[in-house]
2 protein chains.
Amino acid sequence: MREKTERVIREWTESCDAEVSIAVLGGAWKPSILSLLAEHGVLRFGELGRLLDNPTARVLTRQLRELEQDGLVVRTVYQQVPPKVEYRLSELGESAGPLVEALTRWGGQYAAQQRAGVGAAPSG
Amino acid sequence: MREKTERVIREWTESCDAEVSIAVLGGAWKPSILSLLAEHGVLRFGELGRLLDNPTARVLTRQLRELEQDGLVVRTVYQQVPPKVEYRLSELGESAGPLVEALTRWGGQYAAQQRAGVGAAPSG
DNA sequence: CGTCACAGTATCCGAACGGGTACTACGTGA
DNA sequence: TCACGTAGTACCCGTTCGGATACTGTGACG
(Lines give C-alpha, C1' and ligand atoms only; values in the text may rest on other atoms or scores of the structure.)
Protein backbone atom coordinates (compact mmCIF):
# COMPACT_ATOMS: atom_id res chain seq x y z
CA MET A 1 0.00 0.00 0.00
CA ARG A 2 1.20 3.50 -0.76
CA GLU A 3 2.21 5.74 2.10
CA LYS A 4 -0.48 8.20 1.08
CA THR A 5 -3.19 5.57 1.01
CA GLU A 6 -2.08 4.32 4.38
CA ARG A 7 -2.14 7.82 5.80
CA VAL A 8 -5.64 8.45 4.48
CA ILE A 9 -6.87 5.18 5.98
CA ARG A 10 -5.25 6.04 9.30
CA GLU A 11 -6.15 9.69 9.60
CA TRP A 12 -9.72 9.84 8.33
CA THR A 13 -12.39 8.44 10.56
CA GLU A 14 -14.50 5.61 9.23
CA SER A 15 -17.32 8.00 8.42
CA CYS A 16 -15.13 9.33 5.63
CA ASP A 17 -14.36 6.08 3.85
CA ALA A 18 -15.10 7.73 0.54
CA GLU A 19 -11.83 9.60 0.98
CA VAL A 20 -10.07 6.26 0.79
CA SER A 21 -11.64 5.46 -2.56
CA ILE A 22 -10.64 8.84 -3.86
CA ALA A 23 -7.11 8.45 -2.53
CA VAL A 24 -6.81 5.17 -4.44
CA LEU A 25 -8.66 6.07 -7.64
CA GLY A 26 -8.00 9.79 -7.74
CA GLY A 27 -4.95 10.23 -9.88
CA ALA A 28 -4.64 11.36 -13.45
CA TRP A 29 -5.57 8.50 -15.81
CA LYS A 30 -6.20 6.01 -13.03
CA PRO A 31 -9.89 5.36 -13.71
CA SER A 32 -9.11 5.11 -17.41
CA ILE A 33 -6.30 2.67 -16.74
CA LEU A 34 -8.62 0.49 -14.67
CA SER A 35 -11.33 0.62 -17.34
CA LEU A 36 -8.91 -0.33 -20.07
CA LEU A 37 -7.47 -3.21 -18.10
CA ALA A 38 -10.98 -4.40 -17.29
CA GLU A 39 -11.82 -4.30 -20.98
CA HIS A 40 -8.64 -5.72 -22.46
CA GLY A 41 -7.51 -8.02 -19.69
CA VAL A 42 -3.79 -7.57 -20.22
CA LEU A 43 -1.97 -4.57 -21.65
CA ARG A 44 1.65 -3.63 -22.11
CA PHE A 45 3.06 -0.30 -20.99
CA GLY A 46 3.19 1.09 -24.48
CA GLU A 47 -0.29 -0.11 -25.36
CA LEU A 48 -1.69 1.66 -22.33
CA GLY A 49 0.08 4.85 -23.31
CA ARG A 50 -1.38 4.69 -26.82
CA LEU A 51 -4.89 3.88 -25.63
CA LEU A 52 -4.74 6.81 -23.25
CA ASP A 53 -3.88 10.21 -24.64
CA ASN A 54 -0.11 9.57 -24.59
CA PRO A 55 0.69 10.78 -21.13
CA THR A 56 4.42 11.15 -20.55
CA ALA A 57 6.16 7.94 -19.53
CA ARG A 58 6.99 9.60 -16.24
CA VAL A 59 3.34 10.15 -15.42
CA LEU A 60 2.05 6.83 -16.67
CA THR A 61 4.75 4.97 -14.78
CA ARG A 62 3.87 6.71 -11.55
CA GLN A 63 0.14 6.01 -11.87
CA LEU A 64 0.80 2.36 -12.61
CA ARG A 65 3.24 2.02 -9.74
CA GLU A 66 0.76 3.59 -7.37
CA LEU A 67 -2.03 1.31 -8.53
CA GLU A 68 0.36 -1.60 -8.10
CA GLN A 69 1.35 -0.51 -4.59
CA ASP A 70 -2.29 -0.11 -3.70
CA GLY A 71 -2.90 -3.64 -4.91
CA LEU A 72 -5.20 -2.90 -7.84
CA VAL A 73 -2.95 -3.93 -10.70
CA VAL A 74 -0.36 -6.65 -11.17
CA ARG A 75 2.84 -5.92 -13.04
CA THR A 76 4.65 -8.70 -14.84
CA VAL A 77 8.15 -8.14 -16.21
CA TYR A 78 9.49 -10.44 -18.90
CA GLN A 79 13.26 -10.61 -18.85
CA GLN A 80 13.92 -9.99 -22.50
CA VAL A 81 15.09 -7.32 -24.89
CA PRO A 82 13.46 -5.13 -25.87
CA PRO A 83 11.69 -5.05 -22.50
CA LYS A 84 8.16 -6.38 -22.15
CA VAL A 85 6.01 -5.49 -19.18
CA GLU A 86 2.39 -6.49 -18.81
CA TYR A 87 -0.26 -5.01 -16.60
CA ARG A 88 -3.50 -6.63 -15.52
CA LEU A 89 -6.08 -6.14 -12.78
CA SER A 90 -5.77 -7.94 -9.48
CA GLU A 91 -8.87 -9.28 -7.80
CA LEU A 92 -9.00 -6.06 -5.82
CA GLY A 93 -8.74 -4.09 -9.02
CA GLU A 94 -11.60 -6.04 -10.50
CA SER A 95 -13.67 -5.30 -7.43
CA ALA A 96 -13.34 -1.60 -8.24
CA GLY A 97 -14.95 -2.10 -11.65
CA PRO A 98 -18.51 -1.17 -10.70
CA LEU A 99 -17.27 1.84 -8.78
CA VAL A 100 -15.29 3.11 -11.75
CA GLU A 101 -18.36 2.56 -13.91
CA ALA A 102 -20.46 4.55 -11.47
CA LEU A 103 -17.91 7.37 -11.51
CA THR A 104 -17.91 7.32 -15.29
CA ARG A 105 -21.68 7.36 -15.55
CA TRP A 106 -22.25 10.19 -13.09
CA GLY A 107 -19.34 12.19 -14.47
CA GLY A 108 -20.66 11.79 -17.98
CA GLN A 109 -24.12 12.96 -17.00
CA TYR A 110 -22.66 15.85 -15.09
CA ALA A 111 -20.43 16.92 -17.96
CA ALA A 112 -23.25 16.68 -20.48
CA GLN A 113 -25.55 18.70 -18.29
CA GLN A 114 -22.94 21.37 -17.67
CA ARG A 115 -22.00 21.58 -21.35
CA ALA A 116 -25.60 21.99 -22.32
CA GLY A 117 -27.16 23.89 -19.52
CA VAL A 118 -24.79 26.47 -18.07
CA GLY A 119 -27.25 29.19 -17.27
CA ALA A 120 -29.59 28.04 -20.00
CA ALA A 121 -31.90 25.59 -18.25
CA PRO A 122 -35.36 27.13 -18.26
CA SER A 123 -36.55 25.83 -14.94
CA GLY A 124 -39.57 28.06 -14.56
CA MET B 1 -19.03 25.67 -12.41
CA ARG B 2 -15.50 25.94 -11.12
CA GLU B 3 -12.73 26.74 -13.52
CA LYS B 4 -11.07 23.47 -12.63
CA THR B 5 -14.20 21.43 -13.24
CA GLU B 6 -14.69 23.16 -16.55
CA ARG B 7 -11.13 22.46 -17.55
CA VAL B 8 -11.45 18.80 -16.67
CA ILE B 9 -14.64 18.51 -18.69
CA ARG B 10 -12.99 20.25 -21.62
CA GLU B 11 -9.62 18.57 -21.62
CA TRP B 12 -10.42 14.96 -20.87
CA THR B 13 -12.01 12.94 -23.61
CA GLU B 14 -15.37 11.39 -22.92
CA SER B 15 -13.80 8.02 -22.23
CA CYS B 16 -12.45 9.54 -19.03
CA ASP B 17 -15.68 10.83 -17.55
CA ALA B 18 -14.71 9.36 -14.22
CA GLU B 19 -12.15 12.16 -13.97
CA VAL B 20 -15.03 14.60 -13.91
CA SER B 21 -16.61 12.89 -10.93
CA ILE B 22 -13.30 12.94 -9.12
CA ALA B 23 -12.73 16.59 -9.98
CA VAL B 24 -16.11 17.42 -8.44
CA LEU B 25 -16.07 15.07 -5.44
CA GLY B 26 -12.37 14.85 -4.81
CA GLY B 27 -11.59 17.50 -2.25
CA ALA B 28 -10.95 17.14 1.45
CA TRP B 29 -14.25 16.62 3.29
CA LYS B 30 -16.39 16.86 0.17
CA PRO B 31 -17.88 13.36 0.26
CA SER B 32 -18.50 13.77 3.99
CA ILE B 33 -20.18 17.11 3.44
CA LEU B 34 -22.48 15.60 0.84
CA SER B 35 -23.29 12.64 3.09
CA LEU B 36 -24.09 14.89 6.01
CA LEU B 37 -26.30 17.14 3.94
CA ALA B 38 -28.08 14.11 2.51
CA GLU B 39 -28.68 12.85 6.03
CA HIS B 40 -29.60 16.10 7.78
CA GLY B 41 -31.20 18.02 4.96
CA VAL B 42 -30.06 21.45 6.05
CA LEU B 43 -26.97 22.38 8.04
CA ARG B 44 -25.37 25.62 9.11
CA PHE B 45 -21.71 26.36 8.57
CA GLY B 46 -20.82 25.80 12.22
CA GLU B 47 -22.83 22.61 12.44
CA LEU B 48 -21.00 21.19 9.47
CA GLY B 49 -17.68 22.07 11.05
CA ARG B 50 -18.63 20.30 14.26
CA LEU B 51 -19.97 17.22 12.50
CA LEU B 52 -16.77 16.96 10.53
CA ASP B 53 -13.51 16.89 12.41
CA ASN B 54 -13.34 20.67 12.82
CA PRO B 55 -11.52 21.58 9.66
CA THR B 56 -10.33 25.18 9.68
CA ALA B 57 -12.92 27.69 8.52
CA ARG B 58 -10.64 28.47 5.63
CA VAL B 59 -10.74 24.91 4.38
CA LEU B 60 -14.41 24.27 5.03
CA THR B 61 -15.37 27.52 3.33
CA ARG B 62 -13.41 26.63 0.24
CA GLN B 63 -14.90 23.15 -0.05
CA LEU B 64 -18.42 24.51 0.35
CA ARG B 65 -17.82 27.27 -2.17
CA GLU B 66 -16.47 24.78 -4.67
CA LEU B 67 -19.43 22.46 -4.18
CA GLU B 68 -21.68 25.47 -4.62
CA GLN B 69 -19.92 26.58 -7.80
CA ASP B 70 -20.17 23.06 -9.13
CA GLY B 71 -23.87 23.15 -8.44
CA LEU B 72 -24.08 20.41 -5.80
CA VAL B 73 -25.01 22.50 -2.79
CA VAL B 74 -27.16 25.58 -2.29
CA ARG B 75 -26.05 28.31 0.08
CA THR B 76 -28.64 30.47 1.79
CA VAL B 77 -27.57 33.59 3.67
CA TYR B 78 -29.91 35.10 6.25
CA GLN B 79 -29.30 38.80 6.69
CA GLN B 80 -29.06 38.89 10.46
CA VAL B 81 -26.56 39.20 13.25
CA PRO B 82 -24.88 37.00 14.24
CA PRO B 83 -24.74 35.64 10.71
CA LYS B 84 -26.68 32.56 9.73
CA VAL B 85 -25.88 30.61 6.61
CA GLU B 86 -27.52 27.37 5.62
CA TYR B 87 -26.34 24.71 3.24
CA ARG B 88 -28.42 22.05 1.56
CA LEU B 89 -28.11 19.74 -1.44
CA SER B 90 -29.29 20.82 -4.85
CA GLU B 91 -31.01 18.32 -7.09
CA LEU B 92 -27.63 17.68 -8.68
CA GLY B 93 -26.13 17.13 -5.26
CA GLU B 94 -28.83 14.62 -4.44
CA SER B 95 -28.11 12.81 -7.68
CA ALA B 96 -24.59 12.21 -6.40
CA GLY B 97 -25.88 10.39 -3.33
CA PRO B 98 -25.62 6.84 -4.66
CA LEU B 99 -22.17 7.57 -6.03
CA VAL B 100 -20.94 8.85 -2.69
CA GLU B 101 -22.42 5.79 -1.06
CA ALA B 102 -20.60 3.57 -3.53
CA LEU B 103 -17.35 5.38 -2.81
CA THR B 104 -17.90 4.96 0.91
CA ARG B 105 -18.70 1.28 0.62
CA TRP B 106 -15.75 0.36 -1.54
CA GLY B 107 -13.38 2.58 0.45
CA GLY B 108 -14.55 0.98 3.67
CA GLN B 109 -14.02 -2.52 2.33
CA TYR B 110 -10.62 -1.56 0.99
CA ALA B 111 -9.53 0.04 4.26
CA ALA B 112 -10.73 -2.92 6.31
CA GLN B 113 -8.96 -5.34 4.04
CA GLN B 114 -5.72 -3.38 4.13
CA ARG B 115 -5.83 -2.94 7.89
CA ALA B 116 -6.40 -6.65 8.39
CA GLY B 117 -4.43 -8.27 5.66
CA VAL B 118 -1.25 -6.39 4.90
CA GLY B 119 1.07 -9.26 4.22
CA ALA B 120 -0.89 -11.51 6.56
CA ALA B 121 -3.49 -13.07 4.30
CA PRO B 122 -2.70 -16.79 4.10
CA SER B 123 -3.73 -17.38 0.53
CA GLY B 124 -2.20 -20.84 0.15
C1' DC C 1 29.26 0.92 -35.97
C1' DG C 2 24.77 3.23 -35.70
C1' DT C 3 19.84 2.76 -35.20
C1' DC C 4 15.55 1.00 -33.47
C1' DA C 5 12.06 -0.69 -30.03
C1' DC C 6 10.63 -0.75 -25.34
C1' DA C 7 10.12 0.57 -20.73
C1' DG C 8 11.36 3.13 -18.17
C1' DT C 9 14.57 6.91 -14.84
C1' DA C 10 16.49 11.67 -13.50
C1' DT C 11 15.84 16.31 -12.94
C1' DC C 12 13.30 20.28 -12.84
C1' DC C 13 9.20 23.41 -12.86
C1' DG C 14 4.78 25.74 -11.81
C1' DA C 15 0.20 25.21 -10.09
C1' DA C 16 -2.91 23.60 -6.80
C1' DC C 17 -4.09 22.05 -2.44
C1' DG C 18 -4.60 21.47 2.63
C1' DG C 19 -3.87 23.75 6.58
C1' DG C 20 -2.29 27.32 10.30
C1' DT C 21 -2.70 32.03 12.33
C1' DA C 22 -4.58 36.39 12.52
C1' DC C 23 -8.19 39.48 11.55
C1' DT C 24 -13.12 41.29 10.38
C1' DA C 25 -18.31 42.75 10.76
C1' DC C 26 -22.09 43.56 13.75
C1' DG C 27 -25.95 43.41 16.88
C1' DT C 28 -26.73 41.65 21.73
C1' DG C 29 -26.14 41.73 26.48
C1' DA C 30 -23.42 42.21 30.90
C1' DT D 1 -17.11 49.78 27.21
C1' DC D 2 -16.03 45.17 26.30
C1' DA D 3 -16.61 40.41 25.23
C1' DC D 4 -19.49 37.01 22.62
C1' DG D 5 -21.08 34.34 18.68
C1' DT D 6 -21.28 33.37 13.66
C1' DA D 7 -19.40 33.05 9.33
C1' DG D 8 -16.34 34.03 7.26
C1' DT D 9 -11.56 36.60 4.75
C1' DA D 10 -6.39 37.62 4.24
C1' DC D 11 -1.96 36.02 4.17
C1' DC D 12 1.46 32.62 4.29
C1' DC D 13 3.65 27.98 4.18
C1' DG D 14 5.08 23.27 2.83
C1' DT D 15 3.81 19.31 0.14
C1' DT D 16 2.08 17.04 -3.67
C1' DC D 17 0.93 16.55 -8.29
C1' DG D 18 0.99 16.64 -13.30
C1' DG D 19 3.87 17.39 -16.86
C1' DA D 20 8.08 18.64 -19.95
C1' DT D 21 12.70 17.38 -21.35
C1' DA D 22 16.62 14.65 -21.47
C1' DC D 23 18.84 10.38 -20.70
C1' DT D 24 19.54 4.99 -19.97
C1' DG D 25 20.12 -0.18 -21.01
C1' DT D 26 20.27 -3.87 -24.32
C1' DG D 27 19.78 -7.17 -27.95
C1' DA D 28 18.60 -7.49 -32.93
C1' DC D 29 19.18 -5.62 -37.41
C1' DG D 30 21.49 -3.37 -41.35
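Proteins get letters first, then strands, A, B, ... in listed order; numbering begins at 1 in each.
For the atom pair B:Arg115 CZ and A:Glu6 CD, the distance stands at 11.0 Å (nearest 0.5 Å). To the nearest 0.5 Å, the span separating CG on A:Leu34 from OH on A:Tyr87 amounts to 13.5 Å.
Taking a 4.0 Å limit (strictly below) on heavy-atom distances, residues 71-89 of chain B reaches DNA chain D at B:Arg75, B:Val81, B:Pro82, B:Pro83, B:Lys84, B:Val85, B:Tyr87. Near DNA chain D, meaning a heavy atom under 4.0 Å away, the residues from residues 28-40 of chain A are A:Ala28, A:Trp29. For the segment residues 44-70 of chain A, the set of residues with a heavy atom within less than 4.0 Å of an atom of DNA chain D comprises A:Thr56, A:Arg58, A:Val59, A:Arg62, A:Gln63, in numerical order.
For the residue pair A:Ile22 and B:Gly26, the shortest heavy atom distance occurs at CD1-CA, 3.9 Å. Across all their heavy atoms, B:Thr5 and A:Tyr110 have their closest contact at CG2-CE2, 3.7 Å. Here the closest heavy-atom approach between residue B:Met1 and residue B:Ile9 is recorded as SD-CD1, 3.6 Å.
B:Glu94 contributes no side-chain N or O that, together with a main-chain N or O of B:Ala38, makes up a donor-acceptor pair within less than 3.5 Å. Under the 3.5 Å distance criterion, the side-chain polar atoms of A:Arg75 are left unmatched by any main-chain donor or acceptor of A:Leu64.
Contact check, B:Lys4 against C:dA15: no side-chain N or O comes under 4.0 Å of OP1 or OP2.
The CD-P distance, from A:Glu11 to D:dT15, rounds to 15 Å in whole Å.
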Might you work through the side-chain contact (heavy atoms from CB on, under 4.5 Å) test for B:Glu11 and A:Asp53, ending with a clear yes or no? CA-CA 11 Å; B:Glu11 294 179 2; A:Asp53 196 21; over 6 Å; no
Give the C-alpha distance, both sets of side-chain angles, the deciding distance and a yes or no for salt bridge (charged side-chain N to carboxylate O under 4.0 Å, His left out) between A:Lys4 and A:Glu66. CA-CA 10 Å; A:Lys4 167 173 173 174; A:Glu66 291 179 0; over 6 Å; no
